[in-house]
There are 2 protein chains.
Amino acid sequence: MSQTDTVSRILDAAEVLFAERGFTETSLRTITTTAGVNLAAVNYHFGSKKELIQAVFERFLTPFTGALAAELDRRVAAGEALTVEGLLESLYRVGMGSLAEQGRDPQRFMRLLGLAYTQYQGHLRRFIVSRYGDSYRRFAGLLAQALPGLDPVTFYWRLYFMLGATIFTLSSYDAIEAILREDFGAPSSLPETLERLVPAAAAMLKVNSQ
Amino acid sequence: MSQTDTVSRILDAAEVLFAERGFTETSLRTITTTAGVNLAAVNYHFGSKKELIQAVFERFLTPFTGALAAELDRRVAAGEALTVEGLLESLYRVGMGSLAEQGRDPQRFMRLLGLAYTQYQGHLRRFIVSRYGDSYRRFAGLLAQALPGLDPVTFYWRLYFMLGATIFTLSSYDAIEAILREDFGAPSSLPETLERLVPAAAAMLKVNSQ
DNA sequence: GGCCATACTAAACAACCGTTTTAAATGTTG
DNA sequence: CAACATTTAAAACGGTTGTTTAGTATGGCC
């Protein structure tokens with residue numbers, strides 16, 4: 001078994017288990033037996049559990065922010081007008097696309113993002129902000145430009161409202177979808193849900209502005 | 001030290017520590033030393049850690065849902081027209097009021113609510129749904145009535161968007177407020193934030209309907 | 001083929017976890 | 001005051017945690 005095999009097997013198992021149960025609730029022994037590798041391999045390759053957690057986030061956030069930057073570059077270069085709806089669509093489409101093309105589950109990453117915000121892991125928040133803060137600020141800046149005349153403080157609060165609606169809903173997508181399917185017999189696919197989310201989030205951002 | 005003293009001292013400490021770090025990350029030893037009681041007191045009075053978690057939620061959800069029901073009764077009896085904004089205001093006002101009058105921190109409960117959704121604690125979700133599901137369904141029903149003509153599936157997705165925006169934002173209120181105060185020098189009080197949240201959430205619920 | 005860095009493994013480590021047990025203290029009731 | 005049930009206390013329980021150690025295997029390079 002080559003090194004990359006062991007490393008990525010650990011990352012694959014950790015990604016799934018962390019998203020399912022959280023970080024503290026997932027032991028290294030569960031991860032390594034799921035991955036079919038030795039317990040000590042985690043500390044050997046990653047150093048510690050904290051660094052493994054960061055590596056899991058790095059593996060999906062780096063391609064994601066890269067693809068988002070490319071998408072924004074493309075639209076800016078093409079001289080397209082960046083509307084609120086257009087920016088949200090870009091964000092969600094890149095989120096679905098850049099991960100789906102690796103054959104991995106987009107909503108698993110939403111769960112991980114939600115955990116990054118809610119779990120008690122100071123190192124994770126610091127890691128993400130220092131590594132991906134620029135991507136976040138660029139997107140926020142473009143979104144603010146699409147909402148001229150809006151008070152900055154109000155804009156940022158609404159940005160957090162929007163992030164909350166997105167992360168919260170998509171990270172519990174399976175559970176919510178199951179409830180609605182049982183109550184109304186109408187299944188909602190993830191793309192359909194995002195099509196519902198875009199206008200709703202845009203309306204929240206735009207209310208009483210312009 | 002009387003029994004009620006020990007019990008409520010444990011609940012007080014557990015409430016704060018759970019909200020800060022989550023359930024798994026908070027040990028019974030940390031709780032009991034913070035509360036100044038013996039370690040075994042938790043198992044003696046509550047049975048287990050799971051039941052302590054449920055007791056923490058029960059102590060704030062029961063007064064809250066009771067006050068919300070009274071508020072809704074009052075407005076229905078007065079024949080008031082229940083608008084989307086009015087219902088959201090009732091929800092938030094009761095949330096602030098019923099807890100603040102006990103001298104306890106409202107946003108701490110938002111953090112706990114957020115944890116109840118995101119943490120891996122099946123028993124908690126079951127406990128809350130079975131105990132407070134009726135309150136939730138009544139509020140959701142009144143909100144749906146205030147949005148006539150809206151497709152039920154779309155309504156429920158938007159309800160989750162709204163819950164996500166609320167719980168996510170308010171559970172991280174301290175952190176967000178600190179960032180905005182540093183960047184803009186403009187502090188935002190919790191009531192001010194809720195005044196921003198009501199129209200934003202209402203716009204999200206109402207877009208393209210009526 | 002010998003060498004060496006890299007990769008892996010099994011075993012043990014100390015620390016911490018929730019829970020239980022046993023005994024002492026306390027309060028209540030007849 | 002005596003008898004009882006309730007509450008508190010100290011100590012130990014078995015189990016799990018992340019991490020480390022020491023030794024073995026592996027694969028490329030001179």
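Here is how names work: the chains are called A, B, and so on, in the same order as the sequence lines, proteins then strands, and each is numbered from 1.
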To the nearest angstrom, the CZ-P distance between A:R21 and D:dT17 comes to 10 Å

Please report, rounded to the nearest Å, how far the C1' atom of D:dT16 is from the CD atom of A:E25. 14 Å

For atom CD1 of A:I10 and atom C1' of C:dC8, their distance in whole Å: 11 Å

Side-chain donor-acceptor distances from residues 190-204 of chain A under 3.5 Å, at least two apart:
unit_1	atom_1	unit_2	atom_2	d
A:E192	OE1	A:S189	N	3.1
A:T193	OG1	A:S189	O	2.9
A:R196	NE	B:T154	OG1	3.1

With respect to the phosphate group of C:dC16, does any side-chain polar atom (N or O) of B:S27 fall under 4.0 Å of OP1 or OP2? no

Which part of the nucleic acid does A:T26 contact within heavy-atom distance under 4.0 Å: base, sugar-phosphate only, or nothing? sugar-phosphate

Between B:E25 and A:T24, a side-chain donor and acceptor under 3.5 Å: yes

Base, sugar-phosphate or nothing for A:T24? Non-hydrogen atoms, less than 4.0 Å. nothing

Taking only N/O atoms, report every protein-nucleotides 19-23 of chain C pair under 3.5 Å with atom names and distance.
unit_1	atom_1	unit_2	atom_2	d
C:dT19	OP2	B:N43	ND2	3.4
C:dT19	OP2	B:K49	N	3.0
C:dT19	O5'	B:N43	ND2	3.4

Regarding A:Y160 and B:S172, is there a side-chain donor-to-acceptor distance under 3.5 Å anywhere? no

Considering just the side-chain nitrogens and oxygens of B:H45, establish if one lies under 4.0 Å of OP1 or OP2 belonging to D:dT8. yes

Can you tell me the distance, in whole Å, between the CG atom of B:N38 and the C1' atom of D:dA12? 13 Å

B:Y117 and A:S171 side chains, donor-acceptor separation under 3.5 Å: no

Under a 3.5 Å cutoff, is there a donor and acceptor pairing between the side chains of B:Y132 and B:T62? yes

From CD1 of A:I31 over to P of D:dT16, roughly how many Å is that when rounded to an integer? 17 Å

One pair to check against salt bridge (charged side-chain N to carboxylate O under 4.0 Å, His left out): B:E85 and B:K206. What are the steps and the verdict? CA-CA 10 Å; B:E85 286 84 353; B:K206 294 201 292 189; 2.9 Å; yes

Spacing between B:L17 atom CG and C:dG18 atom C1', to the nearest angstrom: 16 Å

